[in-house]
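Right, one structure below, let's go through it.
Below, read A as the first sequence line, B as the second, and so on, with proteins coming before strands; counting in each chain starts at 1.
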Amino acid sequence: MKVTLETSGGFAALPGLARPITIDTASLDAKAATELHSLIAESTFFELPPLIDTTQKGAADFFTHQLSIDDGSSIHTVRFTEPILNPFLQRLLTLIQAIIRTGK
Amino acid sequence: MMCFGEHRSVFMKHRHDFSRGVCRCGLIPPHILESIAQNGNEEQRALAQQTLALDQGIRAQRLQVPWAAPGMAAGAAHRNRKVYTASHGSSLPGGLVRSEGQAANSDVSVNEAYDGLGATFDLYYDVYGRNSIDNNGLDLLATVHYGNKYNNAFWNGSQMVFGDGDGTIFNRFTIAIDVIGHELTHGVTGATAGLEYHDQPGALNESMSDVFGSLVKQRSLGQTAAQADWLIGAGLLASGIHGVALRSMKAPGTAYDDPVLGKDPQPDHMSRYNPTTSDNGGVHINSGIPNRAFYLAAIALGGNAWDIAGKIWYATLLDSRLSKTASFVDFASLTVEHANNLFNSTVQAAVFQAWNTVGITPALSGPIWQYNKVVQLCYTSPHSMNAWAYIQDAGWRKVQTLTPDGVSNVFTLLLEAQAGNRPVHIYADGALVYQSYMV
């Protein structure tokens, strides 16, 4: 399974941090891979709408995430803003960010 | 209106039309008057000083109109700060940790947020007469310690939110007072012009926040426009990162250049506008263009940036003609108008020139003074009744047929300026040149 995250915007909006990053679950250690697979299932990621805009009127400097998951048979992409109101999506994002940060 | 007896003074060359026995020229730019008031002969000095006094009187009257009763209709100043902590979670606003009037506590982020909110409220109230975000004393809410090592600060539509930063790329987001002014200004923009958060209106929205965020910092440090660093987010990048801040209003594109973060992508001129779809259409990128226009105007006007340039930008933000989808040139055109309404033609010329320098030509509702322009080409029709000149930054302008100075006089001056490669001051609108002086 391939997971690609692209985060843009934010007060700083740094271009180097807005590059898409792809994780291949095959290259992760077993524990992280299992956790990621189960969170993707729990969040019903493949049934989420393509755009989840949670911004209030007048909001600014929020992050926008674009998460793409390729499970080998299909690819689904969801674009969502912060604050993230769906707790499963929040946990999924937090985990992906931690994997990107630690590299495992 | 006035003029001087000498046709050619040492300060300028100005051809007068005495065809009806009186000189009918007028509209002497204040900076020229000031020069005459200092350096002219006795009669010139007296006249110039009179005119300047009168002009300043008019200026003072004008200034009273928008600023005399600032926010008074909305009641007395209501500065009510509330700082919360999210305790590294994401629930907003979180737990209240410091209310208005309470002493500082041991949490530096809480105290920085509290002080930054205060400095921002004070700038808006003391200088622009605005009573909080909604001009009706709305409570100012900020939440610190949002999320885990959260690398952002944002405005959620009703309050400010600050992350602690990861310590590797970012320090805590309350560290720079202009960041706090930036976020609160998003609230002001939302309550006024409501500039949509995408593409050019979004970049203007961002620029408003950088402009007033920087003014909060400058005022809190007591810095003039010339003394200020014009950086946004100085101190926010962690040690080891190659950069001084997140953005530079003075020199967009130069704030950082780092192997991890990349290079500051802000353009400093309209010719380098970035048509990206990322970041809501580059709202934090293309804001460099209007940011620099503000910086250039403030530097040209001198003194404290919040006094003249800030008032012009604030008046523009409140102007009901500024639409939610305004483009850079829409905004620029209104600043030029407010510069003259609030101040005078010299201020107007400086604001016009600032936009010109970043590649934006404001639309003019009437003629204005443009200073120190090179005459690049001159042209006259065979019967010599119509004449044109191609002037630096302006382009082709026709000499107004009914000019008090007469077509021939103005045209001759423009020709001489071109031949001698000497700059001119012109009084012109989008089509016609009405008067000119050789510098």
Do we see a donor-acceptor contact under 3.5 Å between the side chains of A:Glu82 and B:Tyr150?
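Note: A:Glu82 and B:Tyr150 side chains meet the donor-acceptor criterion.
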
So which part of [X] gets closer than 4.5 Å to some heavy atom of chain A, the side chain, the backbone, both or neither?
X: B:Asn280; value: side chain
X: B:Ile232; value: side chain
X: B:Leu92; value: neither
X: B:Ser158; value: both

Is any residue of residues 253-268 of chain B within less than 4.5 Å of chain A by heavy atoms, and which ones?
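Answer by number: B:Tyr256, B:Val260, B:Leu261, B:Gly262, B:Lys263, B:Pro265.
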
Of all the residues in residues 193-203 of chain B, which have a heavy atom that comes within less than 4.5 Å of a heavy atom in chain A?
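Result: B:Tyr197.
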
Do you know which two heavy atoms are closest between A:Phe11 and B:Glu183, and how far apart they sit?
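Scanning both residues, the minimum pair turns out to be CD1-OE2, 3.4 Å.
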
Any chance you could measure [X], atom [atom1], to [Y], atom [atom2], to the nearest 0.5 Å?
X: A:Leu14; Y: B:Leu246; atom1: CG; atom2: CG; value: 6.0 Å
X: A:Thr81; Y: B:Phe154; atom1: OG1; atom2: CZ; value: 10.0 Å
X: B:Asn148; Y: A:Thr94; atom1: CG; atom2: OG1; value: 8.5 Å
X: A:Thr7; Y: B:Asp279; atom1: OG1; atom2: CG; value: 12.0 Å
X: A:Lys57; Y: B:Asn156; atom1: NZ; atom2: CG; value: 13.5 Å

For chain B, find which of A:Gly10, A:Gly58, A:Ala60, A:Pro83 contributes the most heavy-atom pairs closer than 4.5 angstrom.
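Sorted descending by pairs with chain B, the first entry is A:Ala60.
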
Please identify, among A:Ala59, A:Ala12, A:Ser8, the residue contributing the most non-hydrogen atom pairs under 4.5 Å to chain B.
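Heavy-atom pairs under 4.5 Å are most numerous for A:Ala59.
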
Do B:Glu206 and A:Asp61 come within less than 4.5 Å of each other through their side chains, counting heavy atoms only?
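Result yes, sub-4.5 Å side-chain heavy-atom pair found.
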
Largest heavy-atom contact set with chain A, pairs under 4.5 Å, which of B:Gly190, B:Ser278, B:Ala153
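Of B:Gly190, B:Ser278, B:Ala153, B:Ala153 has the most heavy-atom pairs under 4.5 Å with chain A.
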
